[in-house]
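Beneath this line is the structure, given in structure tokens, with notes to follow.
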Amino acid sequence: MAANDKRALVLGGGGVAGIAWETGLLFGLAERGVDVLAADLFVGTSAGATVAAQITSNVPLGTLYDAHVFPPEQSTELAVDFDREKMMAEIAPRLAGLTTATEMRAAIGRYALAAPTVPERRRREVIEARLPSRDWPPQALRIVAVEASTGEERIFANDSDVTLVDAVAA
């Protein structure tokens, strides 16, 4: 790689399992000499937003990994009763006839906004507990989310007038 090449680490979704998987993968790569933290840009969405915020917090990857392998007895994670088949059966008709990604994201967003869930304050507490720091890091970090009501993509950064916790929660 040439000195002026730019490297990005892009991390996707996957819920709590995705957070653990991505953290384990990054730790394994680092143990084998791949400096994943040398990226010029970190990008994450959903679980990837959490992992990107964690690994740019200056907490060693080994410490983050250990938190998943040896979790504290008192966890703030929320238990989820999730029926994937039911959800897909409910979403499929809402997507019928839609042709653009924005339309599809908006349909899924409307579905998500109508779903019963825990209060926003409780959900924010869970996100806060996952992050070693509530401050935006000095590294270039972009958190990608979707405006649920419109389906439009939204990218958050340290100059977005949004806290890191709120960006990761989005």
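The structure presented is a predicted model; accordingly, all values stated were derived computationally and were not measured.
Within the model, atoms CG of Leu164 and OG of Ser133 stand 7.0 Å from one another, a figure rounded to the nearest 0.5 Å. Of the inter-residue distances, the one linking Ile108 atom CD1 with Leu113 atom CG reads 12.0 Å to the nearest 0.5 angstrom. Between the OG atom in Ser160 and the CD1 atom in Ile143 there is a gap of 9.5 Å [rounded to 0.5 Å]. Rounding to the nearest 0.5 angstrom, the gap separating the CD atom in Glu147 from the CZ atom in Arg154 is 7.5 Å. Residue Gln54 holds its CD atom at 10.0 Å from CG of Leu26, rounded to the nearest 0.5 Å. The distance from atom OH of Tyr65 to atom CG of Leu25, rounded to the nearest 0.5 Å, is 11.5 Å.
A salt bridge links Glu125 to Arg122: at least one charged side-chain nitrogen sits closer than 4.0 Å to a carboxylate oxygen.
Side-chain contact between Pro132 and Leu64: present, with at least one pair of heavy atoms (C-beta onward) separated by less than 4.5 Å. At least one side-chain heavy atom of Arg130 sits under 4.5 Å from a side-chain heavy atom of Val16. A 4.5 Å side-chain heavy-atom check between Leu131 and Val168 finds at least one atom pair inside the cut-off. Within the 4.5 Å cutoff, the side chain of Val43 has no heavy atoms near those of the Leu141 side chain. Using a 4.5 Å cut-off on side-chain heavy atoms (C-beta onward), Phe42 and Arg142 make no contact. A 4.5 Å side-chain heavy-atom check between Ile55 and Leu61 finds at least one atom pair inside the cut-off. No side-chain heavy atom of Asp66 sits under 4.5 Å from any side-chain heavy atom of Phe27. Side-chain contact between Thr45 and Val146 is absent, with no heavy atoms from C-beta onward closer than 4.5 Å.
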* Asked: Do Thr117 and Arg123 pass the side chain to side chain contact (heavy atoms under 4.5 Å, CB included) test, and can you show the C-alpha distance, the side-chain angles, and the key distance before you say yes or no?
  -> CA-CA 9 Å; Thr117 186; Arg123 182 77 181 130; 5.7 Å; no
* To do: Could you please spell out the steps behind the salt bridge (Lys or Arg N to Asp or Glu O under 4.0 Å) verdict for Arg94 and Glu90?
  => CA-CA 7 Å; Arg94 291 171 167 82; Glu90 291 175 353; 5.4 Å; no
* Pair Glu128-Arg124, salt bridge (Lys or Arg N to Asp or Glu O under 4.0 Å): steps then yes or no -> CA-CA 6 Å; Glu128 283 182 358; Arg124 193 174 194 285; 2.3 Å; yes
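Val162 and Trp136 get closest at one heavy-atom pair: O-NE1, 2.9 Å. For the residue pair Val51 and Thr23, the shortest heavy atom distance occurs at CG2-OG1, 3.9 Å. Among all heavy-atom pairs drawn from Phe156 and Ala145, the shortest one is CE1-CB, 3.9 Å. Minimum interatomic distance between Gly13 and Ser46 (heavy atoms only, all atoms of both residues): CA-CB, 3.9 Å.
Under the side-chain contact (heavy atoms from CB on, under 4.5 Å) criterion, Thr99 pairs with Glu103, not counting sequence neighbours. Applying the side-chain contact (heavy atoms from CB on, under 4.5 Å) rule to Arg84 yields the partners Phe82, Met88; only residues at least two apart in sequence or on another chain are considered. Evaluation of the salt bridge (Lys or Arg N to Asp or Glu O under 4.0 Å) rule for Glu153 yields Arg105 as partners, not counting sequence neighbours.
Clustering ILVMFWY residues whenever any of their side-chain heavy atoms sit less than 4.5 angstrom apart, transitively, puts Val144 in a cluster other than the one holding Val165. At a threshold of 4.5 Å between side-chain heavy atoms, the hydrophobic network of Ile, Leu, Val, Met, Phe, Trp and Tyr places Leu41 and Ile155 in one connected group. Val10 and Ile19 end up in different hydrophobic clusters when Ile, Leu, Val, Met, Phe, Trp and Tyr side chains are linked at under 4.5 Å.
Asp40 contributes a side-chain N or O that, together with a main-chain N or O of Arg7, makes up a donor-acceptor pair within less than 3.5 Å.
When the shell of 6.0 Å around CG of Asp161 is examined, it contains 12 or fewer heavy atoms from other residues, nucleotides or ligands.
Under 3.5 Å, the side chains of Asp166 and Thr163 contain a donor-acceptor pair of N or O atoms.
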